[in-house]
Amino acid sequence: LVANRDKIWVGTTGDLFRYTQERDAVTAVTITDESDAGFKLAVQCDETKVKTYGRPFPELYDEPLTVRVRVPDSWTRFTVTQQDQSRDYETLEIDGARYAQFDVRPNVDPAAVSRADD
């Protein structure tokens, strides 16, 4: 398990509940400002599909959702910035194509994804 910890997601019952509620409420994944250097990605959830108990959706449902986006073959590393938090990732190669797989919070400002220099 330790050798594969970056491939396994472990969470509390609450984390799992929030993740599945958000995932099932996704209505749109939007990519904008596309270029060879990067793009912006936003995930929208239909807030009427989950109980918010009178609280704002992003306050209660704050579990990041995992997305996978095809990127140029020249990408090997990339950075994701959302809400003043940045994280570096390595791309995945699947069937000869490059993908950026990362976490993004729904119903907040888009995540900025940019190619990282090797």
Side-chain angles (χ1 to χ4, degrees):
L1 286 175
V2 172
N4 292 297
R5 89 174 68 197
D6 61 327
K7 298 175 186 166
I8 300 170
W9 181 68
V10 178
T12 66
T13 302
D15 294 341
L16 180 60
F17 174 79
R18 286 190 300 275
Y19 188 93
T20 57
Q21 291 294 298
E22 292 169 6
R23 181 199 62 209
D24 293 347
V26 170
T27 56
V29 177
T30 308
I31 297 175
T32 57
D33 300 337
E34 289 183 82
S35 72
D36 285 340
F39 54 90
K40 290 184 179 177
L41 184 140
V43 175
Q44 275 308 122
C45 293
D46 181 349
E47 297 181 21
T48 65
K49 291 185 177 183
V50 297
K51 290 187 178 189
T52 60
Y53 307 99
R55 296 169 64 186
F57 180 94
E59 182 181 303
L60 187 60
Y61 294 96
D62 61 351
E63 195 62 42
L65 297 175
T66 303
V67 296
R68 183 182 292 168
V69 178
R70 175 80 167 87
V71 294
D73 291 338
S74 59
W75 285 35
T76 57
R77 298 182 50 73
F78 62 99
T79 301
V80 177
T81 303
Q82 187 179 33
Q83 294 187 309
D84 298 325
Q85 295 181 353
S86 290
R87 183 169 172 201
D88 295 328
Y89 294 87
E90 291 185 13
T91 59
L92 303 173
E93 185 174 335
I94 302 170
D95 296 329
R98 289 268 176 206
Y99 291 88
Q101 181 172 306
F102 56 96
D103 297 328
V104 62
R105 287 194 57 210
N107 291 26
V108 295
D109 291 335
V113 182
S114 58
R115 177 184 174 180
D117 294 328
D118 294 323

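Numbers for residues simply follow the sequence, beginning at 1.
In this structure, W75 and F39 have parallel ring planes: the angle between them is below the 30° cut-off, well short of the 60° mark.
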Could you give me the CA-CA distance, side-chain angles and deciding distance for F102 and T66, then say whether side chain to side chain contact (heavy atoms under 4.5 Å, CB included) is met?
-> CA-CA 5 Å; F102 56 96; T66 303; over 6 Å; no
Are T27 and D46 close enough, and set up right, to give a side-chain hydrogen bond (donor to acceptor under 3.5 Å, both in side chains), and what steps lead you there?
-> CA-CA 6 Å; T27 56; D46 181 349; over 6 Å; no
In sequence, state the C-alpha distance, the side-chain angles, and the governing distance for E63 and L60, and then conclude on side chain to side chain contact (heavy atoms under 4.5 Å, CB included).
-> CA-CA 9 Å; E63 195 62 42; L60 187 60; over 6 Å; no
Dump the intermediate steps for side-chain hydrogen bond (donor to acceptor under 3.5 Å, both in side chains) on R105 and Q83, then the final yes or no.
-> CA-CA 9 Å; R105 287 194 57 210; Q83 294 187 309; 2.6 Å; yes
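Taking a 6.0 Å sphere around CD of E59, one finds it holds more than 12 heavy atoms contributed by other residues, nucleotides or ligands. For CG of D88, the number of neighbouring non-hydrogen atoms (other residues, nucleotides, ligands) closer than 6.0 Å is greater than 12.
Put simply, L92 and V80 are part of two different groups of oily side chains (I, L, V, M, F, W, Y) that touch within less than 4.5 Å, one to the next. Placement of V26 and V104 within a single hydrophobic cluster is found when ILVMFWY residues are connected by side-chain heavy-atom separations under 4.5 Å, directly or transitively. Transitive grouping of hydrophobic side chains (ILVMFWY, heavy atoms separated by less than 4.5 Å) keeps V67 and Y61 in distinct clusters.
From Q82, atom CD reaches atom CG of D103 across 9.5 Å, with rounding to the nearest 0.5 Å. Rounded to the nearest 0.5 angstrom, D109 CG and T81 OG1 are separated by 12.5 Å. The structure places CD of Q101 at 7.0 Å from CD1 of I94, a figure rounded to the nearest 0.5 Å. With rounding to the nearest 0.5 Å, the separation of CZ in R23 from OH in Y19 is 7.0 Å. One distance of note links CG of D24 with SG of C45; it measures 9.5 Å at 0.5 Å rounding. How far NZ of K49 is from CZ of F57: 11.0 Å, rounded to the nearest 0.5 Å.
Within the 4.5 Å cutoff, the side chain of V113 has no heavy atoms near those of the K40 side chain. For the pair N107/V43, no side-chain contact is recorded, criterion being any heavy-atom separation below 4.5 Å from C-beta on.
We find that R18 and D62 are joined by a salt bridge, their nearest charged nitrogen and carboxylate oxygen being less than 4.0 Å apart. With respect to the salt-bridge test (charged N to carboxylate O, under 4.0 angstrom), the residues D95 and R98 do not qualify.
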